[in-house]
Number of protein chains: 2
Amino acid sequence: MTCLLKMRAMREQMSVNERKLADFILDNTKLLRDYSSQQLADAVGVSQSSVVKFSQKLGYKGYPSLKLAVYESYAGGISSPVGGDDAPLPFGGANTPLSELGQKKLEVLENTAGINDLEHLRAAVKAIRNARCIQVSACDGSVSVAQYLTYQLLELGCWAVFDQGGMLQRSMVDSLGEEDMLCIICDMHGEESLVEAANHAREKGIKVLSLTRYNYNAASIHADIRLYVMPSEEEQPLQRLLFRSGQLHLIESLVSGLLVAEQ
Amino acid sequence: MTCLLKMRAMREQMSVNERKLADFILDNTKLLRDYSSQQLADAVGVSQSSVVKFSQKLGYKGYPSLKLAVYESYAGGISSPVGGDDAPLPFGGANTPLSELGQKKLEVLENTAGINDLEHLRAAVKAIRNARCIQVSACDGSVSVAQYLTYQLLELGCWAVFDQGGMLQRSMVDSLGEEDMLCIICDMHGEESLVEAANHAREKGIKVLSLTRYNYNAASIHADIRLYVMPSEEEQPLQRLLFRSGQLHLIESLVSGLLVAEQ
DNA sequence: TGGTAGAAGAATACATTATTCAATCAACCA
DNA sequence: TGGTTGATTGAATAATGTATTCTTCTACCA
């Protein structure tokens, strides 16, 4: 602790710049770990030499010494309690609600990855690659995810359109041809609106890719390629959040597949 | 402990010089604190470049990273267990349900979760809750993520607006007041455009929340609350993908925080 | 008004770290 | 045996990071 304490103690007798440095370090102790003297200087808005002089004024040989001292001083503050923290703390540290989220998310991700055949993922990637246009349709709860997918596809050079309000659903499907593709995204509810579109598309020979919850979802039945998210057992609001994590994970898998295929 | 354990574990598959280095470090862990790569090289009787290469082979960016890792690992105290108490490291690969992408993603998520103080996350959640309007601005590469965040916020009843093209940036900030908030999102590049907006906002007393890459990002310097994503070491296209995973994870953390706070 | 001390940054000297490249060595194999 | 491949190594050097010097500026004071 000494080093940080010293800084706090001397704060009053410091010059303006020195105080700025001290404050920054006290506020962002962890960051220092990977800051060079120049980076710290930029972050605080002083010159690199001021950083060095500051270090020396505090009694260290130079900046690296200060850095180490700060680090030691800081690490001393962390109690490393009760044995088993060997696996570099899964998501976020202590048992906060946030790290708990990390655990649950991991579970969903693993389950989701587990139920989707590599085959199907590959097929989806191939279909996307070959499609001329891709229409993305989603249920109400999956709008944000659908937008995200659409944007990624556009970035990759795929001609994708997201049907925001569902108004255009029917007429857009009408304008698609055989070389095109419809991607339907759905979470726990509201698949009804998608079924018709999917059906209609299939009749016209348009490939349909579905991204729905695992285990019976009316929308997926009408799809050529089906990808699934395994929902968590959580109660409502968190479940939605986690479900989206799963959806996003699938999307990331697709994108990564497309990236590889590109080369 | 991971770092020293890893060294011990890999000892058998090392070349002569590498093993000499590993042995020396394991025997003289404390000394490393004040050794430069050259000093370590001399002490062991190898060339300086071998020391650097050794560090990189173990998965660190360079010698300083190794040094820090060893130091951290050592500071963690002495733990007893002999047997395999940690994740399969090198070739083992094992049948994790997660794909290779999944593994990398997990790494980014863990790192990202690790570098953000719970404090800061909480502060961000609180600020969002208290804000009247939230403007979301992003660099080019983070548009999709920003859209996603905006949508989630709207869903939660927060009045959020995403400034798609950056055209409105300045005028929108102008129309914000003290009770409002600006959220800037940035990945590896293109932070320049955000700095001015952030600065301007701050001058007007508007809270600024940044969501940027860890370790030096000009945009984050001008923010009141800073959240970071730890980028992966991957090469370009995958790195982007993984970086977004990290960004999304932070967003999910925020959303989950907001959900909890709501009750 | 001029002198002095302290603080700050630009330029630069110095030190450390990372990379490139060529030499060496071991393993494999026709 | 001799040739080929791939890994390992260190010397030279490029790149990056740190410390010093020197100059400028400001505040204070006689």
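These values consider heavy atoms only, across backbone and side chains, with no hydrogens, waters or symmetry-generated copies. Proteins get letters first, then strands, A, B, ... in listed order; numbering begins at 1 in each.
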[X] [atom1] to [N] [atom2]: how many Å, rounded?
X: B:Asp42; N: C:dT17; atom1: CG; atom2: C1'; answer: 14 Å
X: A:Leu40; N: D:dT18; atom1: CG; atom2: P; answer: 10 Å
X: A:Asn17; N: C:dA7; atom1: CG; atom2: P; answer: 11 Å
X: A:Met14; N: C:dA8; atom1: CE; atom2: P; answer: 11 Å
X: A:Gln56; N: C:dA8; atom1: CD; atom2: C1'; answer: 14 Å
X: A:Leu68; N: C:dT16; atom1: CG; atom2: C1'; answer: 15 Å
X: A:Lys53; N: D:dC22; atom1: NZ; atom2: C1'; answer: 10 Å
X: B:Phe54; N: D:dA7; atom1: CZ; atom2: C1'; answer: 17 Å

Practice task
Measure from the side chain of B:Ser47, starting at C-beta and using heavy atoms only, and say which of D:dG10, D:dA19, D:dG17 lies closest.
Solution key: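 Taking heavy atoms from C-beta onward, the closest nucleotide is D:dG10.
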
Practice task
Select one nucleotide: of C:dA18, C:dA8, D:dA11, the one nearest the side-chain heavy atoms of A:Val16.
Solution key: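 My answer, after comparing the listed nucleotides, is C:dA8.
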
Practice task
Check each of B:Asp163, B:Val145, B:Val136, B:Ile134 against B:Thr150 using the side-chain contact (heavy atoms from CB on, under 4.5 Å) test, and report the only one that passes.
Solution key: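 Running side-chain contact (heavy atoms from CB on, under 4.5 Å) over B:Asp163, B:Val145, B:Val136, B:Ile134 with B:Thr150 returns exactly one hit, B:Val136.
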
Practice task
Answer yes or no: does a side-chain N or O of A:Ser37 lie under 4.0 Å from OP1 or OP2 of D:dT18?
Solution key: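 Looking at the OP1 and OP2 atoms of D:dT18, one of them is under 4.0 Å from a side-chain N or O of A:Ser37.
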
Problem - N or O in side chain of B:Ser50 less than 4.0 angstrom from D:dG10 OP1/OP2 - result: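 Answer yes for this pair, as a side-chain N or O of B:Ser50 is under 4.0 Å from OP1 or OP2.
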
Exercise for the section: Mind telling me whether B:Tyr71 and A:Tyr71 have parallel, tilted or perpendicular rings, with 30° and 60° as the class edges? Expected result: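 Plane angle between 30° and 60°, so tilted.
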
Handout entry: Neighbour count >12 (heavy atoms, 6.0 Å) for atom CG, B:Asp140
Key =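 Not more than 12 within 6.0 Å, no.
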
Practice task
For the pair A:Gln152 (side chain) and A:Leu149 (backbone), establish whether a donor and an acceptor sit closer than 3.5 Å, ignoring hydrogens and angles.
Solution key: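 Side chain of A:Gln152 to backbone of A:Leu149, a donor-acceptor pair under 3.5 Å: no, none is there.
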
Practice task
May I ask you to say what B:Lys67 touches in the nucleic acid, namely base, sugar-phosphate or nothing, with a heavy-atom cut-off under 4.0 Å?
Solution key: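 Answer is nothing: B:Lys67 stays at 4.0 Å or more from every strand.
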
Practice task
Select base, sugar-phosphate, or nothing to describe what B:Val51 touches, counting heavy atoms under 4.0 Å on all strands.
Solution key: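 Contact class for B:Val51: none.
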
Problem - Under 3.5 Å donor-acceptor pair, B:Ser49 side-chain atoms to D:dG10 base atoms - result: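 When only heavy-atom distances are counted, B:Ser49 does reach the base of D:dG10 through a donor-acceptor pair under 3.5 Å.
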
Exercise for the section: Tell whether A:Gln48 reaches the base of D:dA19 with its side chain through a donor-acceptor pair below 3.5 angstrom. Expected result: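 Per atom types, the contact qualifies.
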
Practice task
Could you tell me whether B:Lys207 and B:Glu179 have a side-chain N and a carboxylate O separated by less than 4.0 Å?
Solution key: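 Looking at B:Lys207 and B:Glu179, the cut-off is not met.
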
